[in-house]
2 protein chains.
Amino acid sequence: MHERFAAKRPATVADVAAAANVSKAAAARALGGYGSVSSAVKLKVLEAARRLDYRPNELARTMATGRSGTIGVIIGDIENPFFGSAVRGLSDCAAQSGFDVILSNSDETIATERAAVAVLLAKRVDGLIVAPATMHDKAHLEDARAQGCPLVLLDREAPGLLVDVAIVNNQEAARDATQLLILADHRRIAYVTATAAADVSYESPEQIALATVRSRITGFLEASTLAGLPEPGRYIRLGANNTATAQAIIADLLSAPDRPTAIVASDSKIALEVFRAAKGLGLAIPRQLSLVAFDDADWTSVVSPAVTVVAQPSYQLGFEAARMLIERIGGTRTEPRRCILATTLIKRESTASPPMRGDF
Amino acid sequence: MHERFAAKRPATVADVAAAANVSKAAAARALGGYGSVSSAVKLKVLEAARRLDYRPNELARTMATGRSGTIGVIIGDIENPFFGSAVRGLSDCAAQSGFDVILSNSDETIATERAAVAVLLAKRVDGLIVAPATMHDKAHLEDARAQGCPLVLLDREAPGLLVDVAIVNNQEAARDATQLLILADHRRIAYVTATAAADVSYESPEQIALATVRSRITGFLEASTLAGLPEPGRYIRLGANNTATAQAIIADLLSAPDRPTAIVASDSKIALEVFRAAKGLGLAIPRQLSLVAFDDADWTSVVSPAVTVVAQPSYQLGFEAARMLIERIGGTRTEPRRCILATTLIKRESTASPPMRGDF
DNA sequence: ACTATAATAGAGACCGGTCTCAATACCAAA
DNA sequence: TTTGGTATTGAGACCGGTCTCTATTATAGT
């Protein structure tokens, strides 16, 4: 009979006030640490609170103050190590400033993203960090802003949306990675990426709704045309969104008679599938196929050959996004800022000159 | 002058009611879809709501009803693929039932975990899913329950805490994995795990605060003693919590004169470090060193040799945890349930008989 | 001692929903 | 037309905090 399974109603300020024989307002002040309270009252109240095991109802506080101490985060896919690390960074930063984080997965679909924004807005988060699934459909983001909810874009820009962004220079990164391959005499270079697309093959930039992917392809094409490669777009493949389709796309690419001699993989999951496909087809990396991948996933340095990667500062990206957001929440009303972090091209063992040099 | 940057106060039921010329109560009923409203009033209200771009304040609703439609989740480390996948599973399940998820990282430290519980409770989540950092310190979990907040444990039990759990049979899984090595004639088998511990070496089960790890070590020892291995505990190593210390521990283990001929890695991150260390020391897997790892991380099937693993149904673990929790929230008051999912020992290429058979 | 000023206490409105309850409107049956 | 019953409506309390505003008390200054 020891109050087990009690589920007794938690104590409120009113309860504490009654127990301490002071007014609700006085108790609230003592508990909330605002206004002015005599030390005698404070003592009584704190003691009563302890006795009743009082815990403030954060919701009620939020209602009254308008501030929730929470930031909402919407990313594409938790299981992608890039986002895992970014979330880590942003949580760490948020925690430092006493904010906590509500996380939502958009599954890279705009409908889910829109719903998530609505939910988070309804929960009255103090700010929003979003990695938008598409750069086109941004009405929901715009009216978050219109409602006065600060917004920071993570990893992906949305042209025309005048908000803070934390990104890397994808175009430059892709250009450099491609140039590395070109310098090794590759002339048939593929770019495989995971973005929603009606068709697997590449027609024009407008086709691509993901800012990050579009920039990278621009960089890839830039390096390619600069080097005078013929039809540089012909080896671009979109839509490698999951293991199965990625595998199909890559296998198809590598079994063609004029198969590419090098592949740029747009993320570590795709790189993994390239590895798997090469193994399956008996293609030796880097002797018969060179590989450069985005994201320095932990396994890339351990496999043989170790994979040459474009390392992205994902943790910092998240951290900076949170930092900027919290600054905004603090009230700084300045021009939108673009926090552009540097990528690092880490040369390892997965690139070499193509077989049968000069052939194409 | 087009209401840009307006941050205008969002419309409330009262606003809508006024605009529709009905009482606040009537508008609330029309909007909330409860009580009874004439279709005439309903129409007027909905129209007014549309015009004013009304969005319900979820917080106010929660305050009034006591239900938040949110479940709180506390895990050890987002960056661990195991948890990434579990979170995915539990989010998917929650979404199906219209719940959303607040996620917190405990960093595997009890203090952070306690703080996280407090925050989530204060935010009045409808239920809690926790992967407790330790099985000892469970007061915070107990009083979540005492406050009437349903609780489900994910992946890790806490003996004495009578709540639903979604786990695997770690003891059995570890026993089977160890036996696989024993059958291949290994007699010096190491177990490397990432749990907080004062000392790296193993003394007794009491030393280990993580339910999962303790069970696995029990299984490991069980198989070892059954096979009559001498001092089976001498190759157990604790505290491999991050890359650096894991690397140190493994290197130390493998450079000893009577080094183990096989290693069981308690998670994929450790397996990766074993891989790295073996490469560094010039030890060939599996010829000179066999490896079995927990968790079927994506890279394990791609590296050479592919790693033999104990695959855990992490997605389902998360999904089931959420399913049970939501059932509890629904009000079913039954005995605590233990949902025990099966692991799968996937034999690949990283195990073989030890070199110089018979030596020890 | 007697005001001027500051510190503290209490009452009650407010945030934006839900929900109870009493009052009114509407309908069919008698 | 009167009655009984149901559908709809509006007023206002409530959730648990914050916060403003007034009343009271304490402290200081001359």
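Letters go in sequence order (proteins before strands), and every chain restarts at 1. Note that the structure is a prediction, hence the values are computed from the model and not measured.
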*Look at B/Thr12 and C/dG16 and indicate whether a side-chain polar atom (N or O) is within less than 4.0 Å of OP1 or OP2.*
no

*asked:* Let's see if you can work this out: which of D/dT9, C/dG10, D/dG17 has an atom nearest to the side-chain heavy atoms of B/Val41?
replied: D/dT9

*Quick one: which of D/dG12, C/dG10, C/dG17 gets closest to the side chain of A/Ala25?*
C/dG10

*asked:* When you measure from the side-chain N and O atoms of A/Ser38 to the phosphate of C/dA9, is any distance below 4.0 Å, counting only OP1 and OP2?
replied: yes

*Separation of C/dT8 C1' from A/Arg29 CZ (nearest whole Å)*: 7 Å

*Figure out the CG/C1' separation between B/Asn57 and C/dC14, and round it to whole Å.*
14 Å

*Closer to the 5' end of DNA chain D via nearest nucleotide, is it B/Asn21 or B/Met63?*
B/Asn21

*Output the single nucleotide from C/dG16, D/dC19, D/dG16 whose closest atom is nearest the side chain of A/Tyr34.*
D/dC19

*Any idea which of C/dG16, D/dT18, C/dT20 is nearest the A/Ala28 side chain?*
D/dT18

_Closer than 4.0 angstrom, basic N to acidic O: yes or no for A/Arg328 and A/Asp126?_
no

*Taking atom NZ of B/Lys138 as the centre, does the number of heavy atoms from other residues, nucleotides or ligands within less than 6.0 Å exceed 12?*
yes

*Listed nucleotide nearest any side-chain atom of A/Lys24, set D/dG17, C/dG16, D/dG10*: D/dG17

